[in-house]
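Input: a single structure, listed below in structure tokens.
Predicted model, so just to flag it, every value in this text is computed and none were measured. Every heavy atom of this structure was used, including side-chain atoms; hydrogens, water molecules and symmetry mates were not.
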Amino acid sequence: MVNQEIKEKIMGIIEKYQREKEKLVMILLEVQKLTDRNYIDMEWAKLIAEELKIPYTKVYDVITFYSMFSIKPRGKYVIEICKSAPCHVNKSKDVVKEFEEILNIKMGETTPDNLFTLQYTSCIGACDVAPAIKIGEKVYGNLNKEKIQQIVMDYRNNSI
Amino acid sequence: MTKTLNLITEYAGKIKPDSIEEYVSVGGFEALKIAMGKSPIESIEEIKKSKLQGRGGAAYPTGVKWEQAYQIQKNPKYIICNADEGEPGTFKDKVILDHLPLMLIEGMTIAAYILNSPKGFIYIRGEYPESQKIVARAIKAAKERGFLGSDILGTKFSFDIEIISGAGAYVCGENSALVESTEGNSGRPRMKPPFIKNHGYMGMPTLVNNVETFAYVPYILKEGGEKFASYGTEFSGGTKLVCLSGNLVNKGVFEVPFGITLRELIYDIGGGIPDGRKLKFVQLGGSSGPCIPEEMLDTKLCYKELKSKGLTLGSGAILVVDDSNCAVDFLKCVTEFFYHESCGKCTPCREGNKQLLALVNKFANGNATENDLQIIKKVGYIMKNAAFCGLGETAPTAHLSLIKYFEDEFVEHINKKCRANVCNFGGVEND
Ligand SMILES: Cc1cc2nc3c(=O)[nH]c(=O)nc-3n(C[C@H](O)[C@H](O)[C@H](O)COP(=O)(O)O)c2cc1C
Ligand code: SF4
Ligand code: FES
């Protein structure tokens with residue numbers, strides 16, 4: 001069962017989009033932000049399917065098609081490291097290594113305190129400041145060891 | 001930096017993106033008034049004269065596209081602005097979305113007036129949440145001041161624009177996948193025909209253009225198509241926003257006239273290669289584009305000249321790669337991109353990218369044979385000719401061009417040698 005508080009929030013989002021089926025992707029984007037875990041629970045997906053009167057399999061198809069969605073709980077801050085060619089030639093591999101070391105997790109993993117998840121992303125349109133990453137809606141570029149350490153420290157200290 | 005021009009970027013960063021006053025003070029919405037005083041055919045003629053070609057990658061003549069859209073007898077017609085900007089190395093539409101959204105809105109409104117369209121969408125990739133907010137504020141401001149919404153500028157013409165967000169899928173930039181995504185579905189390309197121009201959003205005629213394409217329209221109507229065309233070459237009118245990235249001193253977006261050479265772009269505007277390194281190759285048009293060697297840098301930016309050399313400009317991404325990089329390792333990165341972004345609908349692309357990745361990995365790991373080069377070419381050929389959409393058709397472009405110009409490096413990898421010292425030949429084969 002979906003907990004009552006989340007259910008109300010989901011219903012609010014569905015109403016905001018006037019129950020339009022065409023707004024499924026945008027509804028899911030907002031639903032994913034409801035908790036600190038940056039994911040869409042399958043129970044929530046079922047609720048959305050029922051409310052929009054579309055098959056649950058369709059909601060599942062959409063969630064798994066787009067790379068911004070996750071059906072697995074993630075950390076509060078999802079660190080997305082760009083791995084497309086322009087960042088690659090500006091040595092994005094070093095950025096991956098640095099984050100893996102500082103956070104002591106591998107790509108794709110979440111820290112035990114559920115604060116950070118490391119994952120790859122395709123180009124985020126910040127190639128002029130490559131190598132670049134994205135955390136939530138923020139983009140950080142021209143990364144080096146010092147900057148990366150500072151970024152992690154700022155998020156840990158909640159000073160963002 | 002005198003080689004740049006600013007037909008559309010002059011006020012980028014100088015006016016507030018959502019201020020109607022400031023946009024109007026620099027001539028904003030004059031073009032809309034001009035268009036409303038002309039017949040649709042007259043406006044379309046002006047765009048044809050400008051030789052404007054679509055800036056989303058396929059370079060289809062915009063005037064011709066609008067004329068076809070105008071002639072279709074089925075209503076309502078919809079207008080979609082493609083702001084998916086997913087091609088790696090492309091970040092020029094973002095400049096317009098973030099700094100000149102009212103210019104885009106004006107361009108779309110002119111298109112809507114010509115087609116008598118009641119409704120438009122700006123499909124902005126999910127990776128640009130800030131841009132979505134800026135454009136939303138600009139739409140709101142335009143509506144409040146009567147430049148958008150009902151009875152625009154006191155006429156009977158009404159047009160509204162809505163923002164749709166993507167959620168991370170490169171293939172959604174393909175126009176039929178874009179329409180699918182706009183309808184709230186997974187963005188898998190549709191079978192064509194029927195074409196989007198006849199049967200697009202909700203089965204109705206739909207005009208899809210790139211952000212940059214729409215942004216030139218106000219200039220063209222105000223200054224005239226001939227003037228715009230005069231900045232470019234005989235076959236490619238006006239200016240283009242190019243995105244310089246990679247191993248370059250000055251990275252960024254620059255508005256340049258057609259006819260400029262790649263060498264001028266890279267050395268005069270881009271400032272050349274940093275750290276005393278040497279240029280190895282340039283990838284033109286994003287990850288779906290060809291990789292070309294130093295010897296071809298005197299090629300002019302012009303759709304026709306590029307085509308005659310088997311090249312395309314694509315979205316305007318120009319990625320400079322220096323000699324600290326390995327051709328095979330670079331290709332692995334590009335292949336992983338397409339492997340990840342393939343929507344899986346058709347076999348040549350779904351399986352082809354998987355095979356290409358396994359083959360490129362063999363080179364990166366030092367397990368490849370001469371025959372593997374032939375297999376890459378064969379798989380590439382099949383994909384180019386048999387894939388269902390542009391993604392699969394262009395995915396092997398980097399492979400075929402790198403093998404053509406840098407075959408030596410591939411052969412060296414067969415002998416476990418990487419001249420850039422990037423590949424480590426641990427012998428583990430991963431797929
Ligand atoms: C895989 C793929 C991705 C594409 N991505 C984009 C994109 O991000 N933005 C864009 O404007 N066009 C993109 N296109 C081209 C569009 O299909 C379409 O040609 C274009 O939006 C038309 O606008 P234009 O005539 O103004 O260029 C893509 C095409 C393919 C095959
Ligand atoms: S070519 Fe690739 S992206 Fe295009 S339809 Fe086929 S599988 Fe999908
Ligand atoms: S390639 Fe990394 S932001 Fe574009």
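- Of all residues spanning residues 39-50 of chain A, none has a heavy atom less than 4.5 Å away from chain B's heavy atoms.
- No side-chain donor from either of A/Lys21 and B/Asn185 sits under 3.5 Å from a side-chain acceptor of the other.
- Residues B/Tyr170 and A/Ser122 form no side-chain contact, since every pair of their non-hydrogen atoms from C-beta on lies 4.5 Å or further apart.
- Comparing B/Val321, B/Leu248, B/Asn247 by how many heavy-atom pairs each has under 4.5 Å with chain A, the most go to B/Asn247.
- For A/Tyr66 (side chain) and B/Gly126 (main-chain N/O), no donor-acceptor pair under 3.5 Å exists by modelled atom type.
- Once rounded to the nearest 0.5 Å, the distance linking CD1 of A/Ile124 with CZ of B/Arg125 reads 8.5 Å.
- Proximity to chain A (any heavy atom under 4.5 Å) is restricted, for B/Cys172, to the side chain, taken from C-beta onward.
- When B/Gly86, B/Pro88, B/Ala169, B/Gly166 are compared by the number of non-hydrogen pairs under 4.5 Å with chain A, B/Pro88 comes out ahead.
- When all heavy atoms of B/Leu319 and A/Val89 are compared, the pair lying nearest together is CD1-CG2, 3.9 Å.
- Your options are B/Gly168, B/Ser186, B/Gly184, and the one with the most heavy-atom pairs under 4.5 Å with chain A is B/Ser186.
- Here the closest heavy-atom approach between residue A/Met26 and residue B/Ile164 is recorded as SD-CA, 3.8 Å.
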Quick one: side chains of residues 133-140 of chain A, donor-acceptor pairs under 3.5 Å with protein atoms, not counting sequence neighbours, listed by atom name and distance.
from, atom 1, to, atom 2, distance (Å)
A/Lys134, NZ, A/Gly136, O, 3.1
A/Glu137, OE1, B/Lys133, NZ, 2.7
A/Tyr140, OH, A/Tyr155, OH, 2.8

Which side-chain N or O atoms in residues 76-88 of chain A pair as donor and acceptor under 3.5 Å with protein atoms at least two apart or in another chain?
from, atom 1, to, atom 2, distance (Å)
A/Lys83, NZ, B/Glu336, OE1, 3.1
A/Ser84, OG, A/Cys123, N, 2.8
A/His88, NE2, B/Asp329, OD2, 2.7

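- Interface remark: B/Tyr201 contributes side-chain atoms only to the contact with chain A (heavy atom separation under 4.5 Å).
- Residue contact with chain A, scored on non-hydrogen atoms closer than 4.5 Å, involves the backbone of B/Thr90 exclusively.
- In this structure, the portion of B/Glu162 lying under 4.5 Å from any heavy atom of chain A is its side chain and not its backbone.
- The shortest distance between side-chain heavy atoms of B/Glu183 and A/Val25 does not fall below 4.5 Å.
- No side-chain heavy atom of B/Thr182 sits under 4.5 Å from any side-chain heavy atom of A/Glu22.
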Intermediate values then yes/no, salt bridge (charged side-chain N to carboxylate O under 4.0 Å, His left out), B/Lys92 and A/Asp128: CA-CA 10 Å; B/Lys92 51 140 186 126; A/Asp128 52 341; over 6 Å; no
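- Residues forming a ring pair (Phe, Tyr, Trp, His ring centres under 6.0 Å) with B/Phe91 (at least two apart in sequence, or on another chain): none.
- A/Leu28 contributes atom CG, which lies 11.0 Å from atom OG of B/Ser165 (distance to the nearest 0.5 angstrom).
- Looking at B/Val320, the atoms closer than 4.5 Å to chain A (heavy atoms on both sides) all sit in the backbone: N, CA, C or O.
- Taking B/Glu130, B/Arg188, B/Met202, B/Lys94 one by one and counting their heavy-atom pairs under 4.5 Å with chain A, the maximum is reached by B/Arg188.
- Taking the side chain as every heavy atom from C-beta outward, A/Val129 and B/Lys251 never approach each other to under 4.5 Å.
- Only the side chain of A/Leu29 comes within less than 4.5 Å of a heavy atom in chain B; its backbone stays farther off.
- When heavy atoms are compared at a cutoff of 4.5 Å, B/Ile163 approaches chain A solely by way of its backbone atoms N, CA, C and O.
- In terms of heavy-atom pairs under 4.5 Å with chain A, the best-connected choice from B/Ser245, B/Cys333, B/Ala398 is B/Cys333.
- Your options are A/Ile63, A/Asn90, A/Thr64, and the one with the most heavy-atom pairs under 4.5 Å with chain B is A/Asn90.
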